[in-house]
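On a predicted model such as this, the values are computed, not experimentally measured, just so you know. Every number for a ligand or one of its atoms is a count from 1 in the order of the listing.
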Amino acid sequence: PETITVQELANRMAARGGEVVKALFRMGVMATLTQSVDADTAELVAQEFGHRVKRVAEDDIETGLEGAVDEEGEMLPRPPVVTIMGHVDHGKTSLLDALRKTDVAAREAGGITQHIGAYQVEVPGGGKVTFIDTPGHEAFTAMRARGASVTDMVVLVVAADDGVMPQTIEAIKHARAAEVPLIVAVNKIDKQGVNLDRVRNELLQHEIVVESLGGDVQEIQVSALKGTNLDKLLEAILLQAEILDLRANPARAGEGTVIESKLDRGRGPVATVLVQKGTLSTGDIVVAGSEWGRVRALVDDKGRPAKVAGPSAPVEVLGLSGVPGAGETVLAVESEARAREVSEFRQRKAREKTAAAISAGRGTLSDMLA
Ligand code: GTP
Ligand code: MG
């Protein structure tokens, strides 16, 4: 049964605690500010204070659209979302850039016109892979702290001439905590005198057992500089994706996560969103964190305007009321009223979280007072 403290109930009604205690007393309920009352009692008090009460289960608010239950047959394969991690200077950025150059679609679009926090590569020979270009481990940690799980797998870059270093170990821990598989990309194999066995043994010490040592972790030797074996790395990613059997229903309302965001002088708030479920479309009403708005425009990772963005697609969303934080969830909803409701719910949750951090408050009544 849901309860709420008298203080919290007063806060939500913007009423004084003492007044609420008095109202309860008149109803025959003795309670102090820190004590809890049940949902029915809270509703009666709220009505007494002239509020219309609408009870909403938390899950109903966050699950998005009514009837958005996916049928098995609607679940279609989606591209894997990959995060590249590794120690400083081991070649993460170089590898991402090199992989980007293999993109068939970018070549057709006449080169890469802009840089957003994630991009999709169309693999020569078929298939797509979405890469998240995390600025570092910190962002990854921040996103996970917010409960945002965006990546399907980690590509761990280890420079062949340097081996396993502190941030390599950190990346292994991140992948483990996120419970996602890992592929090892041994980079800089173009360098003289590199010792691959040494790298493999160092990985083994951290319980990463590559295939050549009898384990099940794929290991690809690459050179980001020379463009060596990039096709093999992409193949390994697609193979891992097949094992994971990644699927999503594109025929439902769009849901995703903010990868990065900014306030653009000309365009206003811009959020780079990784779509995870369904399809986002221009004209959709979306909530992003506690911001919301009607999608004025979508811009894909090649800088082209897009009408829609499906599962695993990274896309810039324009038209939001403000700048949502990285890791916030994005949800297309059916009406502005609904958008406001979700937005307010999230603002309240954020406030509650802050309050809970100060005093270990109880009371989780999820009533909405309107
Ligand atoms: P941080 O973002 O600072 O953590 O580094 P990073 O992991 O992104 O490494 P980055 O791509 O910036 O590469 C670091 C250095 O290694 C640069 O001087 C690259 O030119 C060089 N480098 C990257 N890949 C290779 C490679 O395959 N072979 C050789 N020889 N050098 C490489
Ligand atoms: Mg870098």
Worksheet item: Does even one non-hydrogen atom of H87 get within less than 4.0 Å of ligand 1?
Response: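 Right, H87 reaches ligand 1.
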
Worksheet item: Quick check: does I189 get an N/O under 3.5 Å from an N/O on ligand 1?
Response: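 Between I189 and ligand 1 (N or O atoms, distance only) the closest approach is not under 3.5 Å.
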
Discussion item. Please state which option from K226, K92, K188 has its nearest heavy atom closest to atom 21 (C) of ligand 1.
Written reply: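 When every heavy atom of K226, K92, K188 is considered, K188 comes closest to atom 21 (C) of ligand 1.
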
Item to complete: Assess the side chains of D162 and H90: does a donor N or O sit below 3.5 Å from an acceptor N or O?
Response: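 Present: a donor and an acceptor within the cut-off.
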
Worksheet item: Any luck finding a side-chain donor-acceptor pair between Q276 and T257 under 3.5 Å?
Response: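 Yes - a donor-acceptor pair under 3.5 Å links their side chains.
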
Discussion item. Quick check on the Mg ion (ligand 2): does S94 put an N/O/S atom closer than 2.8 Å to it?
Written reply: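 No - counting backbone and side chain alike, S94 has no N, O or S atom under 2.8 Å.
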
Discussion item. Suppose I only count heavy atoms of K191 and a 4.0 Å limit; which atoms of ligand 1 are within that range?
Written reply: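 Under 4.0 Å from K191, ligand 1 has these atoms: 30 (N).
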
Worksheet entry | Atoms of ligand 1, numbered as shown, that sit under 4.0 Å from any heavy atom of T93 |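 The list of qualifying atoms is 2 (O), 6 (P), 8 (O), 11 (O).
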
Fill in: Hphob cluster co-occupancy, I183 + V121, side-chain heavy atoms under 4.5 angstrom
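Yes.
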
Discussion item. Does only the side chain of D89 get under 4.0 Å from ligand 1, or the backbone, or both, or neither? Count heavy atoms.
Written reply: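 Looking at D89 and ligand 1, atoms from backbone and side chain both fall under 4.0 Å.
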
Discussion item. Taking the basic N atoms (NZ, or NE/NH1/NH2) and the acidic carboxylate oxygens, is any pair closer than 4.0 Å for D197 and R200?
Written reply: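 A salt bridge is present here (some side-chain N lies under 4.0 Å from a carboxylate O).
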
Worksheet item: Does E344 come within less than 4.0 Å of R348, counting only side-chain N to carboxylate O?
Response: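 No.
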
